[in-house]
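Notes follow the structure.
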Amino acid sequence: APKGDVSDWLATGGTAEELRRLLDQAPSWNEQHGGDGERTSPAEPRKVRTFTAAELARMELPEPVCIVHKLLYEGLNLLVGSPKIGKSWLALAWGIAVASGGKVLGSIDVEDPGEVLYLALEDSFRRVRDRMQQVDEQALRLERLHIQTDWARFDKGGLQDLSAWLSEHPNCKLVVIDTWGRIRPRVNGNAGAYMDDTEALGPLQALALKHHTAILLVHHRRKATAEDVLEEVSGSTGLTGVADAVLVLKRESRKDADGTLFVTGRDVEDQELALSFRDGLWSYLGDAGEYALSKERRQILDVIAEAGHPMTQRQVCEALEPLRGKAVDRKSVV
């Protein structure tokens, strides 16, 4: 920006490598302004190192670090959901499980436990403590779970603060940021939504991979549903493009005890989990498709049992409509 300096460059996510590239491309001051000094020749082009396919085949490349079995890997992970459906409860429970080496969702193993930084930026310390007691009373004894309710925005030094904290805690396996809106840099306005999101998340992803830690970024979901679940993430496609994994949490309503967690990413298999939410605790019920089918079968059997006599498809559909709150297709009833 006009009158900007190196500090401004770093605060907005600029990197040393990109700055060197720009310096190499820039003409000398004398060339631009006709100074009295001797004209400086343009900088020699850099020699770029490339690798052949044969060299790549011989490289020993480590597998990505798995934090939670088949669910959470090192890198940038987006946890997306509508307001007030339990995203913070889920993120907090995962933080407690990683710090304690316990289980996620009641039954899924933590594979690489360690220190956890939980940034509860929409809560107070009292509310965080109350929630921890409800999730697991033993959590309040954890020395590996670090909590903060206030953090500078990333364009105001927050990214540098996080980098320094991770350097001081090399055994950190998970950083939870709840929510992204409270910490993201201010929007540029000139670059466009896609570039704003890409440039904002890029340094955060690089930080996660550098320290081999998982950053779980809690974010909001659009109100409208879409055929592609990634299109339900609030913001531009720059968010889902940069993120290494996206986890979308859904519940039909805040009163509904059942929900689903859709997971997709570069290192994680696409999957959809059926979950149960009761008293602040999320539990794993099984594969969402199989669980939904089992639930429908149970409803059909309950309807027939309550009627006490044989029923036609049409009669079953009409009896199911009040339970599901919508019309039931006869083809779905076997």
[atom1] of [X]: more than 12 outside heavy atoms within 6.0 angstrom?
X      : atom1 : value
Arg129 : CZ    : no
Arg266 : CZ    : yes
Arg20  : CZ    : no

Under 3.5 Å, side-chain donor or acceptor atoms of residues 278-286 against the rest of the protein: list the pairs with distances, not counting sequence neighbours.
{"from": "Arg278", "atom 1": "NH1", "to": "Ser276", "atom 2": "OG", "distance (Å)": "2.0"}
{"from": "Trp282", "atom 1": "NE1", "to": "Gly86", "atom 2": "O", "distance (Å)": "3.0"}

Exercise for review: With sequence neighbours excluded, give me every salt bridge (charged side-chain N to carboxylate O under 4.0 Å, His left out) pair touching residues 267-277.
Suggested key: none

Exercise for review: Mind jotting down which residue pairs meet the salt bridge (charged side-chain N to carboxylate O under 4.0 Å, His left out) criterion with at least one end in residues 61-74? Sequence neighbours excluded, please.
Suggested key: none

Practice item. Decide yes or no on side chain to side chain contact (heavy atoms under 4.5 Å, CB included) for Leu145 and Leu117, but give the supporting numbers first. Key: CA-CA 6 Å; Leu145 179 56; Leu117 175 61; over 6 Å; no

Considering only distance and modelled atom types, tabulate donor-acceptor pairs under 3.5 Å from the side chains of residues 96-110, sequence neighbours left out.
{"from": "Ser100", "atom 1": "OG", "to": "Ile96", "atom 2": "O", "distance (Å)": "2.8"}
{"from": "Ser100", "atom 1": "OG", "to": "Ala97", "atom 2": "O", "distance (Å)": "3.4"}
{"from": "Ser100", "atom 1": "OG", "to": "Gly102", "atom 2": "N", "distance (Å)": "3.4"}
{"from": "Lys103", "atom 1": "NZ", "to": "Asp109", "atom 2": "OD1", "distance (Å)": "2.3"}

Using the rule that Ile, Leu, Val, Met, Phe, Trp and Tyr join whenever any side-chain heavy atoms are under 4.5 Å apart, tell me whether [X] and [Y] fall into a single cluster.
X      : Y      : value
Val48  : Phe51  : no
Leu76  : Leu121 : yes
Leu201 : Leu209 : no

Looking at [atom1] of [X] and [atom2] of [Y], how far apart are the two atoms once the value is rounded to the nearest 0.5 Å?
X      : Y      : atom1 : atom2 : answer
Leu216 : Leu119 : CG    : CG    : 11.5 Å
Glu111 : Leu72  : CD    : CG    : 11.0 Å
Glu137 : Gln133 : CD    : CD    : 6.5 Å
Lys210 : His212 : NZ    : NE2   : 10.5 Å
Ile304 : Met311 : CD1   : CE    : 6.5 Å
Thr149 : Arg182 : OG1   : CZ    : 10.5 Å

Closest heavy-atom pair and its distance - [X], [Y]:
X      : Y      : value
Leu140 : Met132 : CD2-CE, 3.8 Å
Asp287 : Gly289 : OD2-N, 3.0 Å
Tyr194 : Ser236 : CA-OG, 3.4 Å
Asp161 : Ala152 : OD2-CB, 4.4 Å
Ala245 : Val268 : CB-CG1, 4.2 Å
Val242 : Gln205 : O-NE2, 3.3 Å

Quick one: are [X] and [Y] in side-chain contact, heavy atoms under 4.5 Å?
X      : Y      : result
Leu275 : Thr260 : no
Leu71  : Trp94  : yes
Trp180 : Leu239 : yes
Leu249 : Phe262 : no
Phe277 : Arg251 : yes
Lys250 : Glu232 : yes
Leu92  : Leu90  : no

Under a 4.0 Å threshold between the charged nitrogen and the carboxylate oxygen, would [Y] count as salt-bridged to [X]?
X      : Y      : answer
Arg222 : Glu231 : no
Arg184 : Asp155 : no
Glu55  : Arg49  : yes

Exercise for review: State whether the side chain of His219 and the backbone N or O of Gly81 hold a donor-acceptor pair below 3.5 Å, judged by distance alone.
Suggested key: no

Check your understanding: With distance as the sole test, does Glu318 use its side chain to make a donor-acceptor pair with the main-chain N or O of Gln315 at under 3.5 Å?
Key -> no

Check your understanding: When you look at Glu115 and Glu143, which way does the side chain to side chain contact (heavy atoms under 4.5 Å, CB included) test go after all the steps?
Key -> CA-CA 8 Å; Glu115 291 187 274; Glu143 295 290 345; over 6 Å; no

Study note, to complete from the structure: For Gln160, the side chain to side chain contact (heavy atoms under 4.5 Å, CB included) test, sequence neighbours excluded, returns Leu10

Point to revise | Candidate pair Thr264 and Val248, rule side chain to side chain contact (heavy atoms under 4.5 Å, CB included), full reasoning | key: CA-CA 9 Å; Thr264 186; Val248 180; over 6 Å; no

Check your understanding: Do Gln134 and Arg131 meet the criterion of a side-chain donor-acceptor pair at a distance under 3.5 Å?
Key -> no

Check your understanding: Any side-chain donor paired with an acceptor under 3.5 Å for Arg221 and Ser82?
Key -> yes

Identify every side-chain donor-acceptor pair in residues 168-178 under 3.5 Å, counting partners at least two apart or on other chains, and give the distances.
{"from": "His169", "atom 1": "ND1", "to": "Trp165", "atom 2": "O", "distance (Å)": "2.9"}
{"from": "Lys173", "atom 1": "NZ", "to": "Asp112", "atom 2": "OD2", "distance (Å)": "3.3"}
{"from": "Asp178", "atom 1": "OD2", "to": "Ser88", "atom 2": "OG", "distance (Å)": "2.5"}

Practice item. Show the numbers, then the answer: is there a side chain to side chain contact (heavy atoms under 4.5 Å, CB included) between Asp244 and Tyr73? Key: CA-CA 9 Å; Asp244 295 293; Tyr73 288 78; over 6 Å; no

